[in-house]
Engineer: 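Quick one: the structure is below, and I'll ask about it shortly.
Please read all numbers here as calculations on a predicted model, not as lab measurements.
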Amino acid sequence: MNAQLMKTLVAAVAALALSGAAYALDSDPKEVTRLIAVYRAGNLDESLKGFEALFAKDPEDPDVLAWLGFLYLRTDKSAKAVPLLEKAAAKRPNDLEVLNNLGNARLAAGKGEAALTAYQEVLRLKPDLAEAHYNVGTIHLGAKRYAPAIASFTRATQLRPSDAFAWNNLGVAQEGAKQYPPAASAFGKASTLRPDSALFAKNAGFSALRVNDSATAATYLMRARNLDPKDAAVALSLGETLARSGRWKEARTVYEDAAPLLEFRADYWFNLGVVRGKQGDAAGAQKAYEKALEINPNDLDVLNNLGLIQVARKEWEGAAITFDRLRGLSPDSVSAKVNLATSYANLGRAEQAIPVWLEILQVEPARNPIRLLLASTLYGLGRIDEAETSYRELARRDSKSVDARIGLGLCRLKKADLAGAETALREAVTVGPRSAVALNNLAVVLERRGKRAEAVATLDRVLKIDPNNAEAKQNLQRIRAAG
C-alpha cells in the first residue's frame with residue numbers, strides 16, 4: 001500500500017435565477033399613473049397599498065390586475081400574484097409583460113409546469129426573447145429534463161452572450177447530461193463574465209477538475225477561494241489540485257490557512273500530511289497523520305502513510321504499533337506485514353518477525369528478499385535446520401543468488417559437514433566470482449580440510465578484488481603463520 005495523494009469531495013452547485021419581472025400598462029388613469037410614479041420613486045409599499053385600494057374598487061381593471069400582480073411578485077407574495085396575473089393574461093392574451101410576469105409568479109409559487117405554459121406563450125409572441133428562453137430552461141432543469149434545458153439555455157446564450165447566469169445554468173444542464181467538456185466551457189464563460197461570483201468560479205473549477213484540466217481548475221478555484229475564504233470544499237479541492245500539479249508549497253499554504261474550516265475532517269489532515277511529506281517535513285507530516293487518526297482511527301491510507309514516516313524516521317516501536325493495527329484492519333495487506341516484520345527486526349524482536357515473514361511467503365512465495373531475511377534471522381538465532389531449509393528454497397528459486405549458497409555453506413559448516421560446505425561455497429563463487437564473502441568463507445573451509453595452498457590462492461583472489469579486505473588479510477596472515 002503506497003502513499004496516496006488526496007482524498008477529496010467535489011460537487012458543482014447550480015445557480016438558478018429568474019428573469020426580472022416587468023410591468024404592463026393598458027389604460028392610463030391618473031391614479032394608476034400616480035401609483036406607477038410612486039413605485040418608480042422607490043416607494044414600493046405605498047404603491048402596493050394604492051393598487052390594493054384600486055383593486056377593491058374595480059377587480060376587473062386589467063391595468064390594476066397587471067400592476068397589483070406584479071407588485072405582489074416583487075414582495076414575494078407569489079400565491080397572491082398568480083390569480084391576478086392569470087386574469088390579466090386572459091384579458092390581454094398577447095401582452096408579453098403580463099405573460100412573463102405570470103410565468104415568474106407561477107414559478108415562484110412552485111408551479112413549474114404551469115409557468116412553462118406561460119413562457120411558451122411569450123416565445124410564441126416573441127421567439128427571440130432571451131429571458132423567456134432562460135426561464136424555460138430553468139423549468140426544464142428543475143425537472144431534470146436536461147436535453148430541452150440545454151436547448152433553451154443555448155438559445156438564451158446565443159441571444160444574450162453576456163448573460164453569465166445563462167452560461168452557468170447551461171453548464172449545470174450539460175453536466176446533468178454528462179456532457180462534461182462543454183459544461184466546463186460553459187462554466188468558464190460564466191466565471192469570465194462575472195469574475196466577482198464565487199459560485200461561478202467554484203462551478204468552473206470543479207467542472208475543470210472533472211475533465212482533468214488541473215491548470216484551469218486551479219485558476220478558478222483560487223478565484224473562488226479569494227471571493228469566499230470560508231468555503232471548505234473549495235479550500236480542500238484547491239489544495240488537492242495544486243498538489244497534483246506538484247505545487248507543494250502553494251498547496252501547503254492553502255491547507256494550513258484553511259485549518260479553522262477543515263480541522264475536524266480526517267481527509268484534510270491526510271492531505272496536509274501528504275503535502276508536508278512531499279516538502280521533506282517528516283515531523284509535520286507525522287503530526288498531521290496522527291491528527292487524522294484521532295478523527296478516523298481506522299483509515300488504512302493514513303495508517304500506512306504514518307507507518308512509512310515512522311520507518312523513515314527509524315521510530316521502530318511506533319512503526320510496529322502502526323503496522324500491527326494496519327495488519328489487523330487489512331489482513332491481506334502484504335506491504336503492512338513487510339513493514340511490520342521490518343520494524344520487529346530493527347527492534348531486535350526476531351521471534352516476532354519470523355512468523356510474519358512466513359505469512360508473507362505463504363501468500364507470495366516468490367519474494368526472495370524476504371526469504372533471505374528469514375533464513376539469515378533463523379541462522380542468527382541458531383535454528384540451523386530451519387535456516388538451511390530456507391536457504392535451499394531460495395537457491396532453488398533464484399539460480400543467481402550468491403547469498404543463498406553462502407548461507408547453505410555456513411549451515412553445513414555449523415553442522416561440521418566440511419564437504420557439503422565446500423560444495424555450497426564453490427557454487428557461490430561460481431555464481432558470484434567477485435564475491436569477497438563467498439571467497440573468504442570458501443578459504444576457511446579449504447583450510448579446515450587441509451587444502452592450505454588452495455585456501456591461500458583463494459584469499460589472494462579476494463585481495464585482488466578488494467586490496468583492503470581486512471578479513472582476507474587476517475585469514476591469510478593466520479594461515480601463513482601456521483606454517
Side-chain angles (χ1 to χ4, degrees), residues 1-4 298-415 417 420-421 423-432 435 437-438 441-442:
M1 190 182 301
N2 297 320
Q4 297 180 13
N298 298 328
D299 189 302
L300 303 184
D301 290 329
V302 176
L303 283 167
N304 181 69
N305 284 13
L306 173 60
L308 292 175
I309 290 284
Q310 290 168 323
V311 166
R313 302 185 75 195
K314 301 188 185 308
E315 296 180 2
W316 300 114
E317 188 67 49
I321 293 170
T322 299
F323 284 115
D324 190 43
R325 279 179 63 190
L326 184 56
R327 180 180 63 162
L329 292 167
S330 182
D332 295 330
S333 173
V334 173
S335 64
K337 293 174 184 177
V338 169
N339 287 315
L340 176 60
T342 299
S343 301
Y344 284 150
N346 280 282
L347 286 166
R349 287 148 60 178
E351 295 290 356
Q352 287 179 278
I354 288 169
V356 181
W357 282 325
L358 288 171
E359 279 184 47
I360 296 167
L361 291 171
Q362 191 172 16
V363 177
E364 297 185 7
R367 280 196 174 239
N368 292 334
I370 297 293
R371 197 175 296 280
L372 178 60
L373 277 172
L374 172 63
S376 301
T377 302
L378 290 168
Y379 181 86
L381 291 172
R383 294 162 62 174
I384 304 304
D385 287 340
E386 294 171 82
E388 185 174 4
T389 298
S390 292
Y391 280 128
R392 185 168 287 111
E393 180 62 16
L394 177 59
R396 184 184 73 79
R397 289 180 174 277
D398 186 356
S399 61
K400 295 182 179 181
S401 175
V402 177
D403 290 330
R405 287 153 181 85
I406 292 172
L408 281 172
L410 293 175
C411 287
R412 299 319 301 166
L413 189 58
K414 280 282 187 182
K415 292 182 176 183
D417 178 4
T423 298
L425 289 167
R426 286 190 184 279
E427 287 183 10
V429 171
T430 299
V431 173
S435 170
V437 176
N441 282 306
L442 176 58

Engineer: Which heavy atom of A375 sits nearest a heavy atom of A387, and at what distance?
Structural biologist: O-CB, 3.5 Å

Engineer: Just wondering, do D299 and L303 contact through their side chains at under 4.5 Å, heavy atoms?
Structural biologist: no

Engineer: Ignoring hydrogens and geometry, is there a side-chain-to-backbone donor-acceptor pair from N304 to L300 under 3.5 Å?
Structural biologist: no

Engineer: Once rounded to the nearest 0.5 Å, what's the spacing between atom SG of C411 and atom CZ of R383?
Structural biologist: 12.5 Å

Engineer: Who pairs with D385 by side-chain hydrogen bond (donor to acceptor under 3.5 Å, both in side chains), at least two apart in sequence or on another chain?
Structural biologist: K415

Engineer: Are D403 and Y391 packed together at the side-chain level, in the sense that at least one heavy-atom pair is separated by less than 4.5 angstrom?
Structural biologist: no

Engineer: Salt bridge or not between E317 and R349? Use side-chain N to carboxylate O under 4.0 Å.
Structural biologist: yes

Engineer: Might you point out which heavy atoms bring A395 and L408 nearest each other, and give the distance in Å?
Structural biologist: CB-CD1, 4.2 Å

Engineer: Is it the case that the side chain of D398 and the backbone of L394 share a donor-acceptor pair, with hydrogens and angles ignored and the cut-off at 3.5 Å?
Structural biologist: no

Engineer: Using modelled atom types and a 3.5 Å cut-off, is there a donor and acceptor pairing between side-chain atoms of N346 and backbone atoms of T342?
Structural biologist: yes

Engineer: With rounding to the nearest 0.5 angstrom, report the CD1 to CG distance, I354 to L378.
Structural biologist: 4.5 Å

Engineer: Please list all pairs meeting salt bridge (charged side-chain N to carboxylate O under 4.0 Å, His left out) that have one or both residues in residues 328-342, counting only residues at least two apart or in different chains.
Structural biologist: K337-E359

Engineer: Report the C-alpha separation of R367 and R371 in whole Å, then their side-chain angles, then the decisive distance to 0.1 Å, and conclude whether the side-chain contact (heavy atoms from CB on, under 4.5 Å) test is met.
Structural biologist: CA-CA 7 Å; R367 280 196 174 239; R371 197 175 296 280; over 6 Å; no

Engineer: Taking all non-hydrogen atoms of both residues into account, name the closest pair between R327 and A336 and its distance.
Structural biologist: N-CB, 4.2 Å

Engineer: Nearest 0.5 Å please: distance from the CD1 atom of I406 over to the CG atom of L410.
Structural biologist: 7.5 Å

Engineer: State the CD1-OG1 distance between I309 and T322, to the nearest 0.5 angstrom.
Structural biologist: 11.0 Å

Engineer: Between F323 and L308, what is the shortest heavy-atom contact and its length?
Structural biologist: CZ-N, 3.6 Å

Engineer: Evaluate the side-chain proximity of Y379 to K414: yes if any heavy-atom separation is below 4.5 Å, no if none is.
Structural biologist: yes

Engineer: Do you know which two heavy atoms are closest between V334 and E364, and how far apart they sit?
Structural biologist: CG2-OE2, 3.5 Å

Engineer: How far apart are the C-alpha atoms of E351 and L381, what are their side-chain angles, what is the distance that settles it, and do they pass the side-chain contact (heavy atoms from CB on, under 4.5 Å) test?
Structural biologist: CA-CA 9 Å; E351 295 290 356; L381 291 172; 3.7 Å; yes

Engineer: Is any side-chain heavy atom of S401 closer than 4.5 Å to one of V431?
Structural biologist: no

Engineer: Contact between R397 and P365 at the side-chain level, heavy atoms closer than 4.5 Å - yes or no?
Structural biologist: yes

Engineer: CD/E386 to CG/L358 distance, rounded to the nearest 0.5 angstrom?
Structural biologist: 8.5 Å

Engineer: Could you tell me which non-hydrogen atom of L425 sits nearest to which non-hydrogen atom of G409, and how far apart they are?
Structural biologist: CG-CA, 4.1 Å

Engineer: Taking only residues two or more places apart in sequence or in another chain, which ones pass side-chain hydrogen bond (donor to acceptor under 3.5 Å, both in side chains) with Q362?
Structural biologist: none

Engineer: Is there a donor-acceptor contact under 3.5 Å from the side chain of S330 to the main chain of L326?
Structural biologist: no

Engineer: Are T430 and R405 packed together at the side-chain level, in the sense that at least one heavy-atom pair is separated by less than 4.5 angstrom?
Structural biologist: no

Engineer: Can a salt bridge be assigned to the pair R412 and E388 using a cut-off of 4.0 Å between side-chain N and carboxylate O?
Structural biologist: yes

Engineer: Can you tell me how far CH2 of W357 sits from CG of L374, rounded to the nearest 0.5 angstrom?
Structural biologist: 7.0 Å

